Amino acid sequence: MEVMQDMGMTDSQWKDFIEGFKEDLEELNEYKEQNEEAQYKKKYDRLMGRLEKSLKR
């Protein structure tokens with residue numbers, strides 16, 4: 001709860017963020033299973049960028 005307040009997010013916004021991130025991880029897993037390394041790397045880099053951006057706020 002403290003983290004959400006620090007980030008200025010409501011419960012719904014936090015849940016939406018987590019749900020979206022979960023879907024992105026599932027997509028990453030699909031790329032890995034299908035040996036689509038280029039798509040995997042692109043998605044991975046984008047996710048890491050989002051995390052880095054969120055941590056700097």
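These numbers were taken from a predicted model, which means no experiment stands behind them. Position 1 is the first residue of the sequence; numbering continues from there.
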- In chain order, what residues pass the salt bridge (Lys or Arg N to Asp or Glu O under 4.0 Å) check against D24, with sequence neighbours excluded? K43, R50
- Decide whether M48 and L55 are clustered together by the hydrophobic rule: side chain heavy atoms of Ile, Leu, Val, Met, Phe, Trp, Tyr closer than 4.5 Å, transitively. no
- Item | Separation between CD of E27 and CG of L47, rounded to the nearest 0.5 Å | 8.5 Å
Pairs of donor and acceptor atoms involving the side chains of residues 32-42, under 3.5 Å and at least two apart or interchain, shall be tabulated with distances.
{"residue": "E33", "atom": "OE2", "partner": "N29", "partner atom": "ND2", "Å": "3.3"}
{"residue": "K41", "atom": "NZ", "partner": "D45", "partner atom": "OD1", "Å": "3.4"}
{"residue": "K41", "atom": "NZ", "partner": "D45", "partner atom": "OD2", "Å": "3.0"}

- Message: Using the side chain to side chain donor-acceptor pair (under 3.5 Å) criterion, which residues pair with R46? Sequence neighbours excluded.
- Response: none
- Task: State, to 0.1 Å, how close Y44 and L28 come at their nearest heavy-atom pair, and which atoms those are.
- Result: N-CD2, 3.8 Å
- Query: What residues, two or more places apart in sequence or in another chain, satisfy salt bridge (Lys or Arg N to Asp or Glu O under 4.0 Å) together with K22?
  - Reply: E26
- When you look at OH of Y31, are more than 12 heavy atoms from neighbouring residues, nucleotides or ligands closer to it than 6.0 Å? yes
